[in-house]
> 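Dumping the structure here so I can ask a few things about it.
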Amino acid sequence: MFERLKNLIKSEKPASFQIGFDEIPSWLDNREITVTETLAKQTNTHMNNIQLSINNLKQTIQIFRAAQYNKEIHPKLKRIAKNTLPQFIKSMETALSKPLPKDIERFYSAAAEILKNCINSSKGQGKYLQTVFPDEMKSVKTGIDAIGHEINEMTGGLAQYRRETSQISDAKKTFGALIDIENDTLKAQEKLIRIEQRMHENRIKIDVIEKELQILEHDVAHHTLSEQRKTLQKLTEECEGTIRRYSVLSMTASHVLRKAENVAHKQHKNSEERTLKHAMDLLSDHDVPIVVDLDESLKLSLPLVLRMIERGEIILKNKEERTLFSGPNKIIDEITTLLTTHANQKTQCESIKQALCSHPVISRSENFSKEKNHLEALLLKEQQSQIELNEWCNELKQNIPSLKQKLEKTFGEISGNDVQIQYPDYFTPSQ
């Protein structure tokens, strides 16, 4: 018998609620309509009763205006009642005049506000009128109690309504979040296809360019340019060697000229100081000076320096300084020779460079190389976009299990049953 009862109880367990994913929006909308209609049915009578009680209270308050004082009432109490009654009537009329909206939730809030204000008036000014107008105040209390009773009756249904509408709102948001993930990832997949297509096209272009560059490398004309390139490289190295030698000499000369400038400054020989400083600035400049300018400046400065050396005002401390200032023209000859050589080498380098750049083979090769570099940069950028987009899609999809669980839980709370949602292939675990 007990086993049969257990089996009977098991057989009465409600079946799980099954719904297709695409059916969810319409089901939630219908559920929201049902919940709203249920609330309206539950509260309609209470709302009418509240309005009726308010109207009755208004009539009761009007009775106070024509109320007569009992002659047996103590004069002091009567005086208090006369002072209090106008305030009580005014506060009650103000509270009862508050409009009641048709919307149920707003109606409930407005009615609760009316009830609170009426209670405050009754406990405030009204407490002094209990003895003077016992019957009228009893009617006021009855009216207030009636409003409170109807509001209490509305509270349970309204709480249920708010709970269910909140659950419906949560379910809609969760459903929307899943749809957004699907839409966003589908758009991302379309973008990934376009990225892959562009990457494929750029790889093909790069392959074509590399083949063209290989052809150019073996071009007959290209071989004839190799000697010019070698000559350019040799001249460039010689030019760099010349400028290094000049840098060493100019630095040594500048050091001695600075000593001479300090001597002239101490002796207050302003003209000599300016002459020496000008030569020193030319030698210390980062840019290579013009040969003529430096030659003229050194011819003016060198005699001043040599006289200071002869008088022992300047001491040459190393072999380089002694060699460079060993004669009246030694420094001028060496530095101007180096600058002239450097200028000639630079001119030759520029001439060969122009010849190479203007050659059609070199020009085509450089253009191809630039285009290849540009395409490789684009390819790298597309690859990075591809990686970031895939990572973003994976992060989105990681949210799907928790959102599905949340949606099923909320549906279970709304329907009161276990829920099985039939998801599209996109949301299945294999995805």
Side-chain angles (χ1 to χ4, degrees), residues 223-359 362 366 369:
H223 291 296
T224 63
L225 298 173
S226 61
E227 291 301 322
Q228 286 179 288
R229 285 178 169 173
K230 290 178 181 178
T231 302
L232 177 61
Q233 184 178 357
K234 183 180 178 181
L235 275 172
T236 301
E237 291 173 355
E238 290 174 354
C239 186
E240 290 172 352
T242 302
I243 203 65
R244 281 196 299 272
R245 175 59 184 160
Y246 165 76
S247 297
V248 171
L249 291 179
S250 64
M251 186 168 58
T252 301
S254 295
H255 183 66
V256 175
L257 285 170
R258 185 173 288 105
K259 293 179 182 179
E261 183 191 9
N262 290 333
V263 171
H265 178 73
K266 290 178 180 178
Q267 295 174 354
H268 304 289
K269 297 178 179 179
N270 298 333
S271 176
E272 292 184 7
E273 183 181 357
R274 286 193 297 272
T275 300
L276 292 165
K277 185 177 186 307
H278 181 257
M280 187 178 65
D281 289 343
L282 288 175
L283 289 168
S284 303
D285 200 321
H286 292 296
D287 295 326
V288 178
I290 298 172
V291 178
V292 176
D293 293 344
L294 184 58
D295 182 66
E296 291 178 357
S297 183
L298 288 174
K299 284 179 180 178
L300 293 173
S301 301
L302 190 57
L304 302 175
V305 175
L306 292 175
R307 281 201 300 272
M308 292 179 185
I309 293 172
E310 289 175 1
R311 292 196 296 262
E313 295 170 335
I314 296 175
I315 305 299
L316 301 177
K317 294 185 177 181
N318 54 54
K319 182 180 178 181
E320 288 78 9
E321 291 181 354
R322 289 192 292 273
T323 301
L324 198 57
F325 291 91
S326 60
N329 295 317
K330 179 69 174 178
I331 183 174
I332 296 175
D333 291 342
E334 285 207 32
I335 287 181
T336 53
T337 298
L338 285 172
L339 289 179
T340 303
T341 302
H342 174 264
N344 292 334
Q345 291 170 336
K346 190 174 181 182
T347 301
Q348 291 180 57
C349 287
E350 291 298 325
S351 176
I352 296 173
K353 283 181 182 178
Q354 290 179 3
L356 286 171
C357 290
S358 62
H359 196 284
I362 297 296
E366 288 183 352
S369 295

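This one's a predicted model, so the numbers in the text were calculated from it and none came from an experiment. All residue numbers in this chain count up from 1 along the given sequence.
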> Can you find a side-chain donor-acceptor pair between Gln267 and Glu272 that sits under 3.5 Å?
no
> Output the distance between atom CG (Leu302) and atom CG (Leu257), rounded to the nearest 0.5 Å.
8.5 Å
> Can we say Lys330 and Glu334 salt-bridge, meaning some charged N sits less than 4.0 Å from an Asp/Glu carboxylate O?
yes
> Looking only at heavy atoms, what is the nearest atom pair of His278 and Ser297, with distance?
ND1-OG, 3.2 Å
> Evaluate side-chain contact (heavy atoms from CB on, under 4.5 Å) for Asn270 paired with Glu273, printing each intermediate quantity in order.
CA-CA 5 Å; Asn270 298 333; Glu273 183 181 357; 4.0 Å; yes
> Going from OG1 on Thr347 to NE2 on His342, what distance comes out if it is rounded to the nearest 0.5 angstrom?
9.5 Å
> Show your reasoning for whether side-chain contact (heavy atoms from CB on, under 4.5 Å) applies to Leu276 and Met308.
CA-CA 12 Å; Leu276 292 165; Met308 292 179 185; 4.2 Å; yes
> Which value, rounded to the nearest 0.5 Å, describes the distance between Ile315 atom CD1 and Arg322 atom CZ?
11.0 Å
> Rounded to the nearest 0.5 Å, how far apart are CD of Glu310 and CG of Leu306?
6.5 Å
> Contact between Glu238 and Leu235 at the side-chain level, heavy atoms closer than 4.5 Å - yes or no?
yes
> Does Glu313 offer a backbone N or O that forms a donor-acceptor pair with the side chain of Lys259 under 3.5 Å?
no
> May I have the step-by-step check of side-chain contact (heavy atoms from CB on, under 4.5 Å) for Glu296 and Val292, ending in yes or no?
CA-CA 6 Å; Glu296 291 178 357; Val292 176; 3.7 Å; yes
> Within a 6.0 Å radius of atom CG on Leu300, are there more than 12 heavy atoms belonging to other residues, nucleotides or ligands?
yes
> How far apart are the closest heavy atoms of Arg245 and Leu338, and which atoms are they?
CG-CD1, 3.6 Å
> What pairs meet the side-chain hydrogen bond (donor to acceptor under 3.5 Å, both in side chains) rule with one or both residues in residues 299-309, with sequence neighbours excluded?
Asp295-Lys299
> Nearest 0.5 Å, what's the CD1-OG1 distance between Ile332 and Thr337?
11.0 Å
> CD/Glu237 to CD/Gln345 distance, rounded to the nearest 0.5 angstrom?
11.5 Å
